[in-house]
Amino acid sequence: MSDAPPDKYHVPEWLGARAPRRFHAMAKPAGAACNLDCAYCFYLSKHDLAGGPGPGHMRDDVLECFVRDYIAGVTTDEVVFTWQGGEPTLRGIAFYEKVVALQRKYAKPGQRIENDLQTNGVLIDEDWAKFLKANRFLVGLSIDGPKDVHDALRVSKQGKPTFDAVMTGAQLLKRHGVSFNTLTCVHRYNATRPLDVYRFLRRELGSTYLQFIPIVERCDFRSVAPAHWDAATLPITGSPPTHPGHPESVVTEWSVDPDEYGYFLCKVWDEWQRRDVGKAFVNFCETLVAQHMGEPSQICVFSETCGKGVVVEHDGGVYSCDHYVYPEYRLGDVRSAALADLVFSPRQVKFGYDKSDALPQYCRRCEFLTDCWGECPKNRFVRTPDGEPGLNYLCPAFKKFFAHAVPTAHRIAVELGAAPAAHPVPK
């Protein structure tokens, strides 16, 4: 990333001052510290990353700078604080009592302050459940499916299973009326069981808001930042090195296989549209329908551009994105620069537009371009069939899914009166 981006990425002073500013900041109050040792976690290694945030907890002065600047920087009527990790509950309830007090101190008249907390659920007890309910925290609960699936990779520091502890936490959240969503990682060991996973989340856990995140990690992810890999070494899409388990694979053994991820998406889509439309929000399903209704994508990976979702580390460092916590993508520090100025800086604006600007011609010619937009740039480390770099590792999965789901998504949009019936869709 250039230190002197071209003028096209500069936000004019008059626009920055007058236009509504809406962005999202994810805070890491415990850094990468966690009480679990999930095999696929991309964040635990941040402790040891050269030039990275390192280990530590967010100090009170950093917390106050962050809360004050975030509230001041967002000029719309809602500010959403997201607390993540690592494991954010390691900071204890007292830390979040400070959070709430600071939010009340700096809140603007008429501005709504919301909090959500992503947790593995292991430390949730009666006191936590009462606090979360009293302060209207939305909880994201990480769980990968039924017991055997979940315990395959989500284990404690001692290598012991965690499913039972997570379910105990979920029951406490339910008992106290705490709103919670589920976040499920899709990896090599559960991608072939989509209905087992989905039906468990819906029927046994009772989740009505389901997020599915594909696990895609290059073998060198611990030390090499996205887009800083050697382009000459990128394999052609569909070739043996683009599949986990191959001796020359470019991804970790637990990464999801593109073919299996396409299967997973299709099966969950079918189950959702057959049983749960209007009953359960499934992130990739709802956003596809929304896009065919003429609405913007509801999740960043399928948006045309990105860049308005930054990370604030425990030491005050601000990074371009949760998956870009590397020295190359450090924007500054909340103690020395206004958070909004960092988010709308030419450097970060360029980062956001690079998502569409860097798409290979193979993507630009694709019939599903406006459904996909190349997905997340961190996954663009394979070559197109004609050798152009910058194709998404999961491209075969998305082509399979969109070919399967777009006709139905468009039909739903037409039935809702939000899309023209003559819009061309794949057959």
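Sequence positions, counted from 1, serve as the residue numbers for this chain.
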How many angstroms lie between atom CG of Leu288 and atom SG of Cys372, to the nearest 0.5 angstrom?
11.0 Å
If we count only N and O atoms by modelled type, under 3.5 Å, do the side chains of Asp371 and His292 hold a donor and an acceptor together?
yes
Any sub-3.5 Å donor-acceptor pair from Thr252's side-chain atoms to Cys219's backbone N or O?
no
Keeping the roles fixed (side chain from Lys267, backbone from Leu195), state whether a donor-acceptor pair exists under 3.5 Å.
no
Got Thr384 and Gln361 here, is their nearest side-chain heavy-atom distance under 4.5 Å?
no
Any donor-acceptor pair under 3.5 Å from Asn392 side chain to Gly374 backbone
yes
With a 6.0 Å cut-off (strictly less than), is the heavy-atom count around CZ of Arg335, excluding the residue itself, greater than 12?
yes
Shortest non-hydrogen separation from Cys366 to Lys399 and the atoms involved:
SG-NZ, 3.6 Å
Would you say the side-chain atoms of Thr242 pair up with the backbone N or O of Thr237, donor to acceptor, closer than 3.5 Å?
no
Check: Asp127 and Ile93 side chains under 4.5 Å, non-hydrogen atoms
yes
Ion pair Glu64/Lys105, N-O distance below 4.0 Å:
yes
Do the ring centers of Tyr43 and Tyr319 come within less than 6.0 Å of each other?
no
Within 6.0 angstrom of Lys279 NZ, more than 12 heavy atoms from elsewhere
no
Salt bridge present between Arg380 and Asp354 (N-O < 4.0 angstrom):
no
Which class fits the ring pair Tyr96 and Trp83: parallel under 30°, tilted 30 to 60°, perpendicular over 60°?
perpendicular
Would you indicate whether the side-chain heavy atoms of Pro244 and Glu253 approach each other to under 4.5 Å?
no
Contact summary for His404 and Pro407, nearest pair of heavy atoms
O-CD, 4.0 Å
Grab the two heavy atoms, one from Asp151 and one from Phe163, that are nearest each other, plus how far apart they are.
OD1-N, 2.9 Å
Test Phe284 against every option in Phe401, Trp269, Phe402, Phe264 by the ring pair (Phe, Tyr, Trp, His ring centres under 6.0 Å) rule and name the one that passes.
Phe401
So do the side chains of His187 and Asp144 get within less than 4.5 Å of each other, counting heavy atoms only?
yes
Using the rule given for side chain to side chain contact (heavy atoms under 4.5 Å, CB included), can you reason through His176 versus Trp128, listing the C-alpha separation, both sets of side-chain angles and the distance that settles it, and then say yes or no?
CA-CA 10 Å; His176 288 272; Trp128 265 112; over 6 Å; no
Closest non-hydrogen atom pair between His314 and Gly31, with its separation
CD2-CA, 3.7 Å
Say whether, by atom type as modelled, one donor and one acceptor occur between the side chain of Lys355 and the main chain of Trp373 under 3.5 angstrom.
yes
Hey, do the aromatic rings of Phe398 and Phe302 have their centres closer than 6.0 Å?
yes
For the atom pair OG1 (Thr184) and CG (Asn283), what is the distance rounded to the nearest 0.5 Å?
9.5 Å
Counting C-beta onward and ignoring hydrogens, is there a side-chain heavy-atom pair between Val99 and Arg91 closer than 4.5 Å?
no
What do the steps show when you test Ser297 against Thr287 for side-chain hydrogen bond (donor to acceptor under 3.5 Å, both in side chains), and what is the final call?
CA-CA 5 Å; Ser297 172; Thr287 202; 3.2 Å; yes
For the pair Phe137 and Phe131, evaluate ring pair (Phe, Tyr, Trp, His ring centres under 6.0 Å) and give the outcome as yes or no after the intermediate values.
CA-CA 8 Å; Phe137 273 60; Phe131 170 82; 5.5 Å; yes
With side chains defined as the heavy atoms from C-beta onward, is the minimum distance between Asp322 and Lys28 less than 4.5 Å?
yes
Counting neighbours of NZ on Lys174 that are heavy atoms of other residues, nucleotides or ligands and sit closer than 6.0 Å, is the number greater than 12?
yes
Can you check side chain to side chain contact (heavy atoms under 4.5 Å, CB included) on Lys108 and Val79, steps first, answer last?
CA-CA 10 Å; Lys108 302 172 190 175; Val79 184; over 6 Å; no
I'd like to know if the side chain of Lys308 reaches the main chain of His24, judged simply by a donor and an acceptor atom lying under 3.5 Å from each other, with no hydrogens or angles considered.
no
Does any donor atom in the side chain of Glu87 or Asn35 lie under 3.5 Å from an acceptor atom in the other side chain?
no
Side chains of Ser142 and Gln118: donor-acceptor distance under 3.5 Å anywhere?
yes
State, yes or no, whether a side-chain contact exists between Arg218 and Val224 at a heavy-atom distance under 4.5 Å.
no
Set out, in order, the CA-CA distance, both residues' side-chain angles and the distance that settles side chain to side chain contact (heavy atoms under 4.5 Å, CB included) for Cys285 and Gln273, then state yes or no.
CA-CA 8 Å; Cys285 299; Gln273 63 94 18; over 6 Å; no
Would Leu102 and Arg68 count as a side chain to side chain contact (heavy atoms under 4.5 Å, CB included) if you check the C-alpha gap in whole Å, the side-chain angles of each, and the deciding distance to 0.1 Å?
CA-CA 8 Å; Leu102 288 169; Arg68 181 194 64 217; over 6 Å; no
What distance do Tyr198 atom OH and Trp272 atom CH2 have between them, rounded to the nearest 0.5 Å?
8.5 Å
Check whether any side-chain heavy atom of Gln291 lies under 4.5 Å from a side-chain heavy atom of Thr370, and answer yes or no.
no
Kindly say whether Pro146 contributes a backbone atom to a donor-acceptor pair with the side chain of Glu204 at under 3.5 angstrom?
no
With a 6.0 Å cut-off on the ring centroids, do Tyr70 and Phe23 count as close?
yes
Do the two ring centres, one from Trp254 and one from Tyr40, sit under 6.0 Å apart?
no
Can you tell me if CZ on Arg136 sees more than 12 non-hydrogen neighbours from other groups inside 6.0 Å?
no
What I want to find out is whether Asp164 reaches Lys147 closely enough, with some N-O distance under 4.0 Å, to be called a salt bridge.
yes
Yes or no on side-chain hydrogen bond (donor to acceptor under 3.5 Å, both in side chains) for Tyr393 and Glu375, after CA distance, side-chain angles and deciding distance?
CA-CA 10 Å; Tyr393 165 83; Glu375 208 249 356; over 6 Å; no
Which heavy atom of Asp315 sits nearest a heavy atom of Pro53, and at what distance?
OD2-CA, 3.7 Å
Under-4.0 Å salt bridge between Glu126 and Arg175
yes
Is the His323-Phe221 ring centre distance short of 6.0 angstrom?
no
Consider only side-chain N and O atoms of Asp220 and Trp229, and report whether a donor and an acceptor are under 3.5 Å apart.
no
Taking Glu260's backbone N and O only, do any of them form a donor-acceptor pair with Arg188's side chain (distance below 3.5 Å, no angle check)?
no
As a test of understanding, state which of Met26, Glu114, Gln103 forms a side-chain contact (heavy atoms from CB on, under 4.5 Å) with Phe81.
Gln103
Would you check if the side chain of Asn190 reaches a backbone N or O of Cys185 as a donor-acceptor pair within less than 3.5 Å?
yes
Taking Arg274 first and then Asp270, would you say they form a salt bridge - that is, a charged N and a carboxylate O separated by under 4.0 Å?
no
Hey, is the main chain of Ser207 close enough, under 3.5 Å, to the side chain of Arg202 for a donor-acceptor pair?
yes
Tell me the closest heavy-atom pair linking Val186 and Val256, and the distance in Å.
O-CB, 3.6 Å
Do the ring planes of Tyr209 and Phe281 sit parallel (below 30°), tilted (30 to 60°) or perpendicular (above 60°)?
parallel
